Structure formats: C-alpha cells, structure tokens
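In what follows, a single structure is set out as structure tokens and then discussed.
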Protein chains: 2
Amino acid sequence: MRITYKGDYALKAILDLAIHYYDKPVPVRIQHMAGRLDIPIKFLEQVLLELKKGGFVESRRGKVGGYLLARPPSKISLGQVVRFIASPVEPIACVEDGYKGCRDIYKCVFRDVWQRVSAATMRIIDGVTFSDLLESLNRKDKEQMVYQI
Amino acid sequence: MRITYKGDYALKAILDLAIHYYDKPVPVRIQHMAGRLDIPIKFLEQVLLELKKGGFVESRRGKVGGYLLARPPSKISLGQVVRFIASPVEPIACVEDGYKGCRDIYKCVFRDVWQRVSAATMRIIDGVTFSDLLESLNRKDKEQMVYQI
DNA sequence: TATAATCCTGATTATAATAGTAGAGTATAC
DNA sequence: GTATACTCTACTATTATAATCAGGATTATA
C-alpha cells in the first residue's frame with residue numbers, strides 16, 4: 001500500500017468536508033477548499049470528481065454549488081477510501097494473472113506474507129472513521145490552545 | 001510500503017542464495033540465478049550489488065566466483081531486507097521536513113494511523129526469516145508431489 | 001431571462017520513478 | 001596470459017504521477 005499525493009489530497013478533502021458537515025449540509029466550494037489545503041484548484045477538481053464516482057461525496061452545480069459528504073463522517077472509514085485511492089502492497093508481479101515473476105516454486109512464498117500484511121493493515125484502517133479523525137483533530141487543537149495561553 | 005519489481009527481484013535473489021546455502025557455501029553465478037528467476041542479467045547485477053552494499057550478500061570474483069549469503073538464512077529476516085529495498089507507507093508529504101502538505105491542523109491526523117500501520121507491518125515481516133521461507137517452500141514442494149503421483 | 005458562480009470533460013504537459021541496457025574495467029583461477 | 005567471473009558508470013525507454021489548460025454544461029438568483 002502506498003499513498004500518493006493525489007491520495008493524500010483525497011483524504012484531506014474528505015476530512016475538510018467532514019469538518020463542514022452539519023445537520024443541514026452546506027456545499028463547500030472547491031476554491032475555498034483548495035485554499036485551505038494548499039492544493040492546486042484544477043487538480044483538486046479531478047480528485048473530487050473521482051471521489052464522487054466512488055460514492056464518497058456529492059456535488060451541487062450552479063451559483064451556490066459545491067461539494068458535500070455523501071453520508072455522515074461516522075459512516076466513512078479510512079479503509080473504504082484508501083482501498084479506493086491506494087495501490088496494494090505486492091508488486092504487480094504477484095497480483096496480475098499474466099504475471100512475469102513468481103514462476104514455479106517461487107510463486108507463493110512471499111505472497112503469503114504480503115497477504116498477512118494487507119490483512120493487518122485493513123484491520124487498522126477499517127477501524128478508523130472520519131468522525132474518529134475529527135475527534136483527534138479537536139484533541140490536537142485543544143492541546144495547542146494550552147500552549148497559546 | 002510498496003514492493004517494486006526491483007525489490008521483488010532482491011527478495012527472490014536472497015531466497016535463491018538461501019536455497020544454495022550449505023555449510024560449505026558455493027558461490028552462485030549471476031547468470032544461473034538470472035535464468036532460474038527469469039530476471040534480466042544486467043538488472044540482476046545491479047540488484048545484487050545493492051544487496052552487497054546492504055551487507056546481505058558477499059561476492060567472489062574470478063573463475064569460480066559468484067554470490068553467496070553473508071550469513072545463514074535464519075539470521076536474515078524479511079523485515080531487514082524490506083526496510084532496505086521498499087518505500088514507507090506515507091506519501092512524501094507526511095515524511096519530509098520541508099513537506100508541502102500537512103500544514104497546521106491537518107499535519108498529524110492521518111500520520112498517526114500510518115505509523116500504526118507501519119508498526120503492524122514491521123511486526124509481521126520482522127518475524128519471518130529466510131529459513132522460515134525455505135521451510136514453507138519445502139512444504140509447498142511436498143504438496144505438489146502428492147498431486148503428481 | 002440574463003448572468004455569474006460553480007462543476008464537468010478531455011486533452012496536454014512536466015517531472016520523477018522505475019525498469020532495463022551497454023560497455024569498459026578489475027580481480028581471480030588455471 | 002587468458003578465460004571467466006564480478007564491478008562500476010552512464011545511458012535510454014517506459015510508465016506513473018502531478019499539474020495545467022481550455023473550454024463546456026448546469027443552475028440559483030437577481
């Protein structure tokens with residue numbers, strides 16, 4: 001598993017939408033989000049479009065348009081998003097059908113280990129929702145407060 | 001963490017040397033190993049040279065030269081090699097000092113999770129040595145025997 | 001209904017990582 | 001000395017990633 005910049009942007013975008021998620025959701029404009037997160041606007045557009053295809057976010061067009069979370073933060077786990085945006089652990093050789101490496105005896109010796117790693121990883125990221133992340137965000141903010149006084 | 005082809009080759013190279021590791025080690029020629037593993041010779045050369053720099057293998061030049069394991073397979077863990085050849089989980093943004101993303105409040109919310117993932121991963125791959133892999137290799141061979149009879 | 005603010009679509013470019021190639025050089029056994 | 005192996009440096013091709021650009025489609029509101 002590897003998180004690229006694009007994937008990192010996607011996670012931060014969802015977190016940003018989670019921060020702005022109230023009972024009556026107000027659409028968040030790409031421009032504003034891009035400013036807050038320091039992401040090139042046009043690049044963030046692409047990221048959000050993909051997230052929309054993935055069913056994580058929705059959008060409203062027109063004058064008061066913008067993006068909003070498709071469901072409450074507590075219903076979106078980190079695992080769901082990461083599986084959508086990140087690559088698996090194994091090299092392509094071990095994953096593809098018409099793989100190049102992994103012939104004969106060498107085929108599965110490492111693969112078993114990669115699968116154990118994947119399983120352990122999933123167990124962790126499936127256990128973290130975006131409302132959990134919001135909480136730890138608030139906790140961090142409070143800690144900062146103390147220092148600022 | 002992500003295993004590239006090069007990394008995959010490195011692991012298989014060490015496994016091959018482990019297979020040919022006896023009390024009196026006999027150097028394994030690059031050419032032969034490349035043939036067995038179906039890896040371009042010149043590419044495997046580079047891989048082995050790096051593994052030498054990493055202290056995993058040794059080499060003998062000249063007519064009866066070749067590569068051999070620097071220490072017994074039971075003393076080489078998968079973790080040691082993977083840390084040497086693979087990249088971490090996080091995007092560069094979270095790792096570097098002069099990072100681009102991860103400003104302000106967003107800085108550490110995901111990072112904590114990535115670190116938990118890394119820790120869990122290390123726990124697994126540090127617990128597997130190349131003699132363990134040899135064992136499971138033999139086990140798989142035996143299973144195949146049964147079917148062949 | 002005009003219009004302004006927004007999302008949407010596709011193509012294009014720039015940079016870096018990865019994978020692989022080439023060839024001259026150095027040590028060693030016989 | 002020579003054949004055979006590793007050693008080293010540089011290069012090229014391919015792919016992935018990151019970012020940009022130009023225009024088009026949609027829609028709330030004045």
Side-chain angles (χ1 to χ4, degrees), chain A residues 1-13 17 25-35 37-54 56-68 70 85-88 90-93 95-96 99-101, chain B residues 1-10 12-13 17 25-35 37-54 56-70 85-88 90-93 95-96 99-101:
Chain A
M1 192 184 74
R2 178 183 159 218
I3 311 291
T4 66
Y5 266 93
K6 194 173 184 178
D8 191 49
Y9 292 164
L11 294 173
K12 286 175 182 166
L17 291 180
V26 179
V28 173
R29 272 168 280 185
I30 291 183
Q31 208 183 100
H32 293 170
M33 193 191 290
L37 302 177
D38 193 30
I39 300 173
I41 297 181
K42 299 300 276 183
F43 198 35
L44 182 57
E45 276 187 19
Q46 288 181 30
V47 171
L48 285 168
L49 256 131
E50 280 194 42
L51 286 177
K52 191 184 171 187
K53 282 177 193 160
F56 298 104
V57 305
E58 291 173 359
S59 65
R60 302 267 166 82
R61 291 223 257 202
K63 204 161 188 178
V64 293
Y67 276 90
L68 21 90
I85 56 143
S87 57
E90 303 96 331
I92 319 104
V95 172
E96 278 185 319
Y99 49 74
K100 253 198 69 184
Chain B
M1 192 185 74
R2 178 180 160 222
I3 310 292
T4 65
Y5 265 93
K6 194 174 185 178
D8 191 47
Y9 291 164
K12 286 175 182 165
L17 291 181
V26 180
V28 174
R29 271 167 283 185
I30 292 183
Q31 207 183 99
H32 293 168
M33 192 191 291
L37 303 177
D38 193 30
I39 300 173
I41 297 182
K42 298 300 278 183
F43 198 34
L44 182 57
E45 278 185 16
Q46 289 182 30
V47 171
L48 285 168
L49 263 155
E50 281 194 40
L51 286 177
K52 192 183 170 186
K53 282 177 192 158
F56 298 103
V57 306
E58 291 173 357
S59 65
R60 301 269 167 80
R61 291 221 258 202
K63 202 159 191 183
V64 294
Y67 276 91
L68 20 91
L69 236 47
I85 56 143
S87 57
E90 302 97 329
I92 320 101
V95 173
E96 277 186 319
Y99 50 74
K100 252 199 69 185

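The shown structure was predicted, so the numbers you read here are calculated from the model rather than taken from an experiment. Hydrogens, waters and symmetry mates play no part in the numbers below; they use all other heavy atoms, side chains included. Letters A, B, ... are given to chains in the order of the sequence lines, protein chains preceding strands, and every chain is numbered from 1.
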All N/O pairs under 3.5 Å across the protein-nucleotides 25-30 of chain C interface:
| from | atom 1 | to | atom 2 | distance (Å) |
| --- | --- | --- | --- | --- |
| C:dT26 | O2 | B:R61 | NH1 | 3.3 |
| C:dA27 | O4' | B:R61 | NE | 3.2 |
| C:dA27 | O4' | B:R61 | NH2 | 3.4 |

Which pair of non-hydrogen atoms, one from A:V47 and one from A:A10, has the smallest distance, and what is that distance? CG1-CA, 3.6 Å

Of the non-hydrogen atoms in A:L17 and A:L68, which two are nearest, and what is the gap between them?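 Here A:L17 and A:L68 meet closest at CD1-C, 4.1 Å.
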
[X] vs [N]: side-chain N/O to OP1/OP2 distance below 4.0 Å:
X: A:T4; N: D:dA16; value: no
X: B:Y9; N: C:dT18; value: no
X: A:Y5; N: D:dA16; value: no

Between the side chains of B:E45 and B:K42, is the shortest nitrogen-to-carboxylate-oxygen separation below 4.0 Å, so that they form an ion pair?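 The answer is yes: the pair qualifies as a salt bridge.
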
How many Å lie between [atom1] on [X] and [atom2] on [N], as a whole number?
X: A:D8; N: D:dA19; atom1: CG; atom2: C1'; value: 16 Å
X: A:E58; N: C:dC8; atom1: CD; atom2: C1'; value: 16 Å
X: A:K6; N: C:dA14; atom1: NZ; atom2: P; value: 19 Å
X: A:R2; N: D:dT17; atom1: CZ; atom2: C1'; value: 8 Å
X: B:K53; N: D:dT7; atom1: NZ; atom2: P; value: 10 Å
X: B:I85; N: C:dA17; atom1: CD1; atom2: C1'; value: 15 Å

When you measure from the side chain of B:S59, which nucleotide among C:dG20, D:dC6, D:dA19 comes out closest? D:dC6

Which part of the nucleic acid does A:K52 contact within heavy-atom distance under 4.0 Å: base, sugar-phosphate only, or nothing? sugar-phosphate

For D:dA30, the Watson-Crick or wobble counterpart (both distances under 3.5 Å):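 Matched D:dA30 with C:dT1 under the 3.5 Å cut-off.
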
Per the under-4.0 Å heavy-atom filter, residues of residues 42-51 of chain A near DNA chain D come out as A:K42, A:F43, A:Q46

